[in-house]
Chemist: 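Below you'll find the structure I mean.
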Amino acid sequence: MRILLLSSCLFAGGLAYAANDLPGGGIDPQALSRHVRVLASDEFEGRAPASPGEERTVQYLIEQFKASGLQPGGVDGSWVQPVPMVRAQVDGPVRAQLRQKGKSQSLTNGVDVTLQSLRPQAEVNIKDAPLVFVGYGIDAPERNWNDYKDVDLHGKIAVMLINDADFEAEAPGAFDGKAVTYYGRWTYKFEEAARRGAQGVLIVHETTPAAYGWATVKSSGTSPLFDIERTQEQALAQHVPVRGWMQRALAEQLFRDAGLDFDAEKRKAMSASFQPVALGDAKLSAQFKLKREQVITRNVVAKLPGGTHGDEAVIFSAHWDAFGIGQPDAKGDRIRRGAIDNATGVATVLELGRVFAAGPQPQRTLYFVALTAEEKGLLGANYYAAHPLAPLDKTAAVLNIEMFSPDGATRDIASWGKGRVSLEGDLERVAKARGRSYSPDPNLEAGFFYRADHFAFARLGVPAITIGPGLDKLDGGVEAGRALRDKYFADCYHQACDAWTPSWDPAGHAADTLLVYDLGMELANSRRWPHWEEGSEFRAIREQSEAARR
């Protein structure tokens, strides 16, 4: 097979740059496309954890790593790190009813609401639980912010907004303007309500602040949930009895029937003086059975042992899981294939492993990790971070890859969120060396920094970023790139149409993979340690580990 694009020259911005100094013949665009085609094929059934699709995925990854000449990097000399979890799924019909002003309204799961539970219980059976609006559901003492005030949520359903209080404010306030903080993430909101003893949580879905449409909520909200193994006491403390989302139209009706205006109450919630408000006499009843079972899923890990500084590590990662088989879409298709999200990232990790293994021995040990259960809350990454296969204080950096583009080359490359980490400047530097540019995340309001596997490492102090595609297309510029991105998130994100097609153009994917290689090569052979910059919430954690290392 003729290796395209990068074995002879890289075209960026109309200029050619030699790239034939790479081992193994360079980055192969057709190999990247082939990996995506296989991983996103119907045979792999959407790569859900603890499914037949996982078994096929894990075996494929092991075969590819072996063929590249890498060594097993998992537990006890194996290629995998077992990740014990609990899988919880709705078993049978969901019955939900809203009572307000003497009227009863049946709610359809997946249409009006999505209802789930990770509580260790066989059944959800909630009867006439009052609804209370708690604004954005945030308690951030360091920002002098508490949406809950002294409201008692025991036996009640907390209704709250997605994102955080600055997102639609006229000017930045206690948070970071449109750059969402961790407080804006649904994961935090569920956890905080559980800490306060709520009977349940309903997040109001709005497409712009959520950064995805209702179809994505429905897809996720009607799929099995996964959680790490916890004691009974821990699980009860961590999870509310019922959790989910509601359509904005339903929220507007709720507020209106309670004598409130949704938009007016939302504006009040943008202020630290906000007070929780009962939604009139509205009460929610919900009943459904749960099927809970212990399962083992797996991170797949390969390594390339280092030389002089082999006790130090650099990690290249991407999540292998997608959403498996779900409800049929408008065309009757039930397989959520996850081609862009994130077979592209896994393909990059496989190709990087091949190219690095064909070259000289690195000074630091390189780990190539395909992580499980990212779509279930970064669970595979969190498990690795809690049970690292290389000490975290000796891990120089994590380069995580997400959602590279099938739409051809761009002039730029990007990273997710604003991490305040030196790796962002490093990525900009290697991009410029190849005649390309670096674009900061143009959608900080989407909170991507907290939605990718690198965050599991970052929160423990390890310098980490997620690298993704730029928007400045060679053909059509930023306008064309943004249009393609917006269409993907509107139509295919977490949907069956996220699939490989014969029109797939891997040129941009290959060019971006080359930049990850360049940065990885520097990190593999440098005595420099990436660092968190001033203003990062992770800086102190890393400095403590660095002091211990010295």
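Only this structure's heavy atoms are used, side chains among them; waters, hydrogens and symmetry mates stay out.
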Chemist: Please find the pair of heavy atoms, one from S104 and one from Q97, that lie closest to each other, and give the distance.
Modeler: CB-NE2, 3.8 Å
Chemist: To the nearest 0.5 angstrom, please state how far the CD atom of Q89 sits from the CG atom of L118.
Modeler: 11.5 Å
Chemist: Between side-chain atoms of residues 106-114 and protein atoms elsewhere (two or more places apart, or another chain), which donor-acceptor pairs fall under 3.5 Å?
Modeler:
{"unit_1": "N109", "atom_1": "OD1", "unit_2": "L115", "atom_2": "N", "d": "2.8"}
{"unit_1": "D112", "atom_1": "OD2", "unit_2": "T108", "atom_2": "N", "d": "2.7"}
{"unit_1": "T114", "atom_1": "OG1", "unit_2": "W245", "atom_2": "N", "d": "3.3"}

Chemist: List the steps, then state whether ring-ring contact (aromatic ring centres under 6.0 Å, His included) holds for F255 with F133.
Modeler: CA-CA 9 Å; F255 280 67; F133 178 55; 5.0 Å; yes
Chemist: Show me the donor-acceptor pairs within less than 3.5 Å that the side chains of residues 476-487 make with the rest of the protein, sequence neighbours left out.
Modeler:
{"unit_1": "R485", "atom_1": "NE", "unit_2": "N443", "atom_2": "OD1", "d": "3.3"}
{"unit_1": "R485", "atom_1": "NH2", "unit_2": "N443", "atom_2": "OD1", "d": "3.2"}
{"unit_1": "K487", "atom_1": "NZ", "unit_2": "D491", "atom_2": "OD2", "d": "2.9"}

Chemist: Would you call V201 and W186 a side-chain contact if the rule is heavy atoms closer than 4.5 Å?
Modeler: no
Chemist: Not counting sequence neighbours, which residues clear side chain to side chain contact (heavy atoms under 4.5 Å, CB included) with A322? List them please.
Modeler: R47
Chemist: State which residues pass salt bridge (charged side-chain N to carboxylate O under 4.0 Å, His left out) with E252; sequence neighbours excluded, sorted by chain then number.
Modeler: R248
Chemist: Scan for ring pair (Phe, Tyr, Trp, His ring centres under 6.0 Å) pairs involving residues 28-51, sequence neighbours excluded, and state none if there are none.
Modeler: H35-Y60
Chemist: Report the residues that fulfil side-chain hydrogen bond (donor to acceptor under 3.5 Å, both in side chains) with N163, sequence neighbours left out, ordered by chain and then residue number.
Modeler: none
Chemist: Could you list all the side-chain hydrogen bond (donor to acceptor under 3.5 Å, both in side chains) pairs where at least one residue sits in residues 498-510, not counting sequence neighbours?
Modeler: S33-W500, T348-H509, Y488-D498, T501-S503
Chemist: Side chain to side chain contact (heavy atoms under 4.5 Å, CB included) with S405: which residues, sequence neighbours excluded?
Modeler: D407, P469
Chemist: Just wondering, do I126 and Q199 contact through their side chains at under 4.5 Å, heavy atoms?
Modeler: yes
Chemist: Not counting sequence neighbours, which residues clear salt bridge (charged side-chain N to carboxylate O under 4.0 Å, His left out) with E375? List them please.
Modeler: none
Chemist: Please report the closest heavy-atom contact between K189 and I162, naming both atoms and the distance.
Modeler: CE-CA, 3.9 Å
Chemist: Who passes side-chain hydrogen bond (donor to acceptor under 3.5 Å, both in side chains) against T181, sequence neighbours left out?
Modeler: D164
Chemist: Partners of D512 by salt bridge (charged side-chain N to carboxylate O under 4.0 Å, His left out), sequence neighbours excluded?
Modeler: R436
Chemist: The criterion is salt bridge (charged side-chain N to carboxylate O under 4.0 Å, His left out); which residues satisfy it with R185, sequence neighbours excluded?
Modeler: none
Chemist: So does E351 pair up with R354, basic N to acidic O under 4.0 Å?
Modeler: yes
Chemist: With a 4.5 Å limit on heavy-atom distance, are the side chains of I203 and V217 in contact?
Modeler: no
Chemist: I need the minimum non-hydrogen distance between W320 and A370, along with the two atoms involved.
Modeler: CD1-O, 3.4 Å
Chemist: May I ask you to test the E168-K266 pair for a side-chain heavy-atom distance under 4.5 Å?
Modeler: yes
